[in-house]
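So that the names make sense, note that chain A is the first sequence line, chain B the second, and so on, each numbered from 1. Since we're looking at a predicted model, the values are computed, not measured.
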Protein chains: 2
Amino acid sequence: MYRIGELAKHFDINQDTLRFYEKNQLLVPSERSRAGYRLYTEQDKQTLSFILRAKAVGFSLNEIQELLSIEIDKANNACADVKTLVDHKRLAVEEKIAELQAFQLSLQRLSDACCGGDVSAVHCTILEALETGETKVRSENHSHEFKEQQDVVAE
Amino acid sequence: MYRIGELAKHFDINQDTLRFYEKNQLLVPSERSRAGYRLYTEQDKQTLSFILRAKAVGFSLNEIQELLSIEIDKANNACADVKTLVDHKRLAVEEKIAELQAFQLSLQRLSDACCGGDVSAVHCTILEALETGETKVRSENHSHEFKEQQDVVAE
DNA sequence: CTTGACCTTGGAGTTACCTCCAAGGTTTAT
DNA sequence: ATAAACCTTGGAGGTAACTCCAAGGTCAAG
């Protein structure tokens with residue numbers, strides 16, 4: 001059993017965040033001490049860990065609640081519905097992974113373009129690294145002048 | 001050249017979001033028409049695409065700006081610093097990917113535990129699927145007391 | 001020349017997600 | 001038994017990221 005302060009400290013979050021999660025039914029401590037202190041079980045701790053990790057990869061608290069409330073139960077007829085929901089989430093996660101892997105690759109390219117120095121890359125940004133399959137090589141066209149005026153188009 | 005409405009429609013976002021991004025220096029349209037209309041180039045469109053994808057995988061606008069402003073330039077002495085930043089980001093992305101893959105796996109298990117029906121799983125939640133290496137099999141302990149979870153997080 | 005669909009700006013309002021505060025009760029150490 | 005370090009509640013405040021609104025300018029079509 002953890003008290004709110006312990007748990008908060010363990011995950012380096014604010015106690016108020018835990019109270020907030022409780023108010024919003026994301027994480028309700030399994031017990032209360034006689035004095036009314038929140039008491040979190042090991043299971044609660046697991047759940048919190050899940051919540052924080054899900055948050056870190058871009059799920060909203062609403063989505064996380066949705067995930068937490070999924071309970072596949074063969075005795076339940078709604079099983080097919082649940083499966084649909086899960087598969088839907090799975091697709092979303094798959095997309096996120098793909099996005100991140102593209103990121104990963106482009107950051108790698110950015111890193112490689114730098115200092116490592118066997119390539120002739122002179123200039124590179126994340127966008128260029130993402131865009132092109134290879135490290136963008138701009139062999140010396142630094143046309144970084146300011147263009148003074150917005151001389152129109154669009155009639 | 002795209003006008004704000006076209007671009008917004010293309011990405012299914014609000015025009016005001018684009019104005020907001022401009023105000024916060026995330027995406028400043030390359031040009032303005034004589035009348036003052038924002039004109040976005042193909043390049044701007046690319047950048048927007050990047051911003052939205054980065055957002056989807058949990059980066060804050062501040063972080064995205066940081067990513068966008070990374071410019072590896074061999075002529076620049078700050079190259080090592082940039083490499084450090086990039087590698088740092090790369091680590092963060094790697095972690096996100098790992099998290100998502102764990103998710104992926106557990107969702108898969110959830111899905112498999114359902115309907116597919118060759119296993120004897122009777123009950124399974126995302127937490128249990130994450131926790132255990134195998135599909136959690138609870139052969140018949142339905143302690144489904146009522147949990148009155150009323151007011152779910154906003155709606 | 002008017003209509004309607006565009007666009008502009010500044011500023012206010014909203015939502016999600018916390019974070020802080022005040023007033024007070026509980027526990028533990030000295 | 002008093003201090004400190006915990007905890008409680010309700011409610012206000014804060015930040016990020018939009019989202020909406022009003023008043024008005026632009027532009028192609030009829």
Sort me out a list of protein N/O and nucleotides 19-24 of chain C N/O pairs below 3.5 Å, or just none if empty.
residue : atom : partner : partner atom : Å
C:dC20  : OP2  : A:Asn14 : ND2          : 3.1
C:dC20  : N4   : A:Asp16 : OD1          : 3.4
C:dC20  : N4   : A:Asp16 : OD2          : 3.4

For nucleotides 26-28 of chain C, which of its nitrogen or oxygen atoms have a protein nitrogen or oxygen under 3.5 Å away, and what is each distance?
residue : atom : partner : partner atom : Å
C:dT26  : O4'  : A:Tyr37 : OH           : 3.3

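Not a single side-chain hydrogen bond (donor to acceptor under 3.5 Å, both in side chains) links B:Glu6 to another residue, sequence neighbours left out. Under the rule for a side-chain hydrogen bond (donor to acceptor under 3.5 Å, both in side chains), the partners of A:Asp16 that lie at least two apart in sequence or sit in another chain are A:Arg19. B:Phe50 meets the ring pair (Phe, Tyr, Trp, His ring centres under 6.0 Å) test with A:Phe103; sequence neighbours excluded. Residues satisfying the side-chain contact (heavy atoms from CB on, under 4.5 Å) criterion with B:Leu85, sequence neighbours excluded, are B:Glu66, B:Ile70, B:Lys89. Scored by the side-chain contact (heavy atoms from CB on, under 4.5 Å) test, A:Tyr37 finds A:Arg3, A:Ser33, A:Ala35 as partners (sequence neighbours excluded).
Taking five base pairs at each end of the helix from C:dC1-D:dG30 to C:dT30-D:dA1 and finding the rotation axis that steps the C1' atoms of four pairs onto the next four gives two axes whose angle is 0°, to the nearest 10°.
Counting to the nearest Å, the P atom of C:dC18 and the CG atom of A:Leu48 are 11 Å from each other. Atoms CD (A:Glu22) and C1' (C:dC17) sit 16 Å apart, rounded to a whole Å. Counting to the nearest Å, the P atom of C:dA5 and the NZ atom of B:Lys9 are 12 Å from each other.
Sorted by first and then second residue, the pairs that involve residues 36-45 of chain A and meet salt bridge (charged side-chain N to carboxylate O under 4.0 Å, His left out), not counting sequence neighbours, are A:Glu22-A:Arg38, A:Glu42-A:Lys45.
Residue A:Leu39 belongs to a hydrophobic cluster whose other members are A:Met1, with links defined by side-chain heavy atoms closer than 4.5 Å.
At the phosphate of D:dT9, OP1 or OP2 sits under 4.0 Å from a side-chain N or O atom of A:Arg32.
Taking every heavy atom of residues 57-66 of chain B and every atom of DNA chain C, no pair lies under 4.0 Å.
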Quick one: side chains of residues 91-99 of chain A, donor-acceptor pairs under 3.5 Å with protein atoms, not counting sequence neighbours, listed by atom name and distance.
residue : atom : partner  : partner atom : Å
A:Glu94 : OE2  : B:Gln104 : NE2          : 2.6
A:Lys96 : NZ   : A:Val57  : O            : 3.2
A:Lys96 : NZ   : B:Ala56  : O            : 2.6

How far apart are the C-alpha atoms of A:Tyr21 and A:Leu48, what are their side-chain angles, what is the distance that settles it, and do they pass the side-chain contact (heavy atoms from CB on, under 4.5 Å) test?
CA-CA 9 Å; A:Tyr21 287 167; A:Leu48 179 55; 4.2 Å; yes
